[in-house]
Amino acid sequence: MVIPYAVNMQNDTKNVFVTIIGRPNAGKSSLLNGLIGEKIAAVSAKPQTTRTKITGVLTKDEIQYVFMDTPGMHKSKNKLSEHMINAVNESMSDVETIMLVVDCTKKISETEKVLLNSIKSSKSKVILIINKIDLIDDKDNLIQTISEYSSLYNFDEVIPVSALNGDGLDIIMDVLTKNAVDGPHYFPDDMLTDQ
């Protein structure tokens, strides 16, 4: 019996859905752009540059990585804020991996504590991405930041990175590859974004 190529290929394919969360200006969009290898998300020093979920897609060999870049989580002040917070919460359900991106130059915020509480009931793997390590000279500060976040949540992985310089992105991809599950590619293999 001859098995059609498409069916055979589908049986050999994997996917991993990843939600990128964090407070405004932690570097979520820069991280997405670095992982995809293309500028698909707007990057700005101005908070709330990302106002809706942006899906980035990267297909490497048999694995399709689907990233959802969410608006920066903050306290709801108006209808737009409420919509953005809902987009973050919705994107955390039914994904294999949640990446909490934090800025290592800033102290833990109430927003991040709220995010950590909201993922406690999640069945997803949770990775702490400590971004902007290129901005700190004293690595003891980095160790302290890791310790503070780890005291609030038992992360599956903690990965220090510089999204701007591309440092540590290969480690993220290795971890995401391990989290991939058997399943079809939901987007064309040459597609990079739904935008």
Side-chain angles (χ1 to χ4, degrees), residues 14-74 84 87-88 91-92 95-106 109 111-112 115 119 124-137 139 141-142 145-146 149 155-180 185-195:
K14 294 184 171 192
N15 61 63
V16 59
F17 281 76
V18 183
T19 293
I20 304 171
I21 62 172
R23 69 179 173 189
N25 289 73
K28 297 177 300 297
S29 296
S30 296
L31 180 67
L32 174 64
N33 291 340
L35 292 170
I36 298 290
E38 295 278 337
K39 186 173 180 181
I40 60 169
V43 176
S44 167
K46 183 181 171 195
Q48 264 60 86
T49 302
T50 304
R51 294 186 172 202
T52 60
K53 268 191 316 194
I54 295 173
T55 303
V57 181
L58 176 65
T59 305
K60 281 179 136 181
D61 302 320
E62 78 279 5
I63 302 176
Q64 187 165 80
Y65 306 84
V66 181
F67 299 94
M68 284 159 283
D69 181 18
T70 60
M73 186 75 159
H74 60 286
M84 292 163 75
V88 172
S91 70
M92 291 192 296
V95 295
E96 283 74 40
T97 307
I98 296 170
M99 293 196 306
L100 172 61
V101 181
V102 302
D103 179 342
C104 71
T105 67
K106 297 197 162 99
S109 68
T111 298
E112 288 160 327
L115 278 171
I119 60 179
S124 305
K125 302 257 188 220
V126 181
I127 304 171
L128 176 63
I129 305 294
I130 301 184
N131 193 22
K132 304 188 183 184
I133 59 169
D134 53 302
L135 299 179
I136 57 169
D137 297 322
K139 297 305 176 197
N141 291 343
L142 181 59
T145 300
I146 292 170
Y149 277 96
F155 294 96
D156 294 283
E157 302 276 347
V158 177
I159 306 172
V161 304
S162 167
L164 186 66
N165 297 337
D167 297 334
L169 302 190
D170 55 334
I171 298 168
I172 294 174
M173 291 306 295
D174 288 345
V175 169
L176 296 179
T177 298
K178 285 188 246 170
N179 292 349
H185 290 178
Y186 288 92
F187 298 93
D189 286 359
D190 58 351
M191 184 175 175
L192 293 175
T193 183
D194 64 347
Q195 296 300 297

- Look only at the side chain of Gln64 and the backbone of Thr59, and say whether a donor-acceptor pair between them is shorter than 3.5 Å. no

- Query: If you round to the nearest 0.5 Å, how far is CD1 of Ile119 from CD1 of Ile98?
  - Reply: 5.5 Å

- Message: Donor-acceptor check, side chain of Thr193 to backbone of Thr55, threshold 3.5 angstrom: yes or no?
- Response: yes

- Message: Are Leu58 and Ile63 packed together at the side-chain level, in the sense that at least one heavy-atom pair is separated by less than 4.5 angstrom?
- Response: no

- Message: Quick test of your reading of the model: are Glu112 and Arg23 salt-bridged, counting only N-O distances below 4.0 Å?
- Response: yes

- Paired with Val161, the side chain to side chain contact (heavy atoms under 4.5 Å, CB included) test is passed by just one of Asp170, Ile130, Ile172, namely Ile172

- Message: Could you measure the distance from the CD1 atom of Ile127 to the CG atom of Leu176? Nearest 0.5 Å is fine.
- Response: 5.0 Å

- Item | From Lys60 atom NZ to Tyr65 atom OH, the distance as rounded to the nearest 0.5 Å | 6.0 Å

- For residues Lys178 and Asp156, determine if any side-chain heavy atom of one lies less than 4.5 Å from a side-chain heavy atom of the other. no

- Task: List for me each residue that meets salt bridge (charged side-chain N to carboxylate O under 4.0 Å, His left out) alongside Lys132, sequence neighbours excluded, and say none if there are none.
- Result: Asp103

- Query: Does a side-chain heavy-atom distance below 4.5 Å link Leu31 with Met99?
  - Reply: yes

- Task: Over all heavy atoms of both residues, which pair between Cys104 and Thr145 is shortest? Give the atoms and the distance, please.
- Result: O-OG1, 4.0 Å

- Distance-minimising heavy-atom pair for Gly27 and Ala163: O-CB, 4.4 Å

- Task: Mark yes or no for whether Asn15, through its side chain, and Val66, through its backbone, hold a donor-acceptor pair below 3.5 Å.
- Result: no

- Item | Distance, nearest 0.5 Å, that separates CG of Asp69 from CD1 of Ile36 | 10.0 Å

- Rounded to the nearest 0.5 Å, the CG atom of Leu32 sits from the NZ atom of Lys39 at a distance of 12.0 Å

- Tightest non-hydrogen contact, residues Leu100 and Gly22, listed as CD1-CA, 4.0 Å

- Query: If you look at every heavy atom in Glu96 and Phe17, which pair is closest and at what distance?
  - Reply: OE1-N, 2.7 Å

- Can you measure from OG1 (Thr97) to CD1 (Ile20) and round to the nearest 0.5 angstrom? 11.0 Å

- Please report the closest heavy-atom contact between Ile146 and Pro160, naming both atoms and the distance. CD1-CG, 4.4 Å

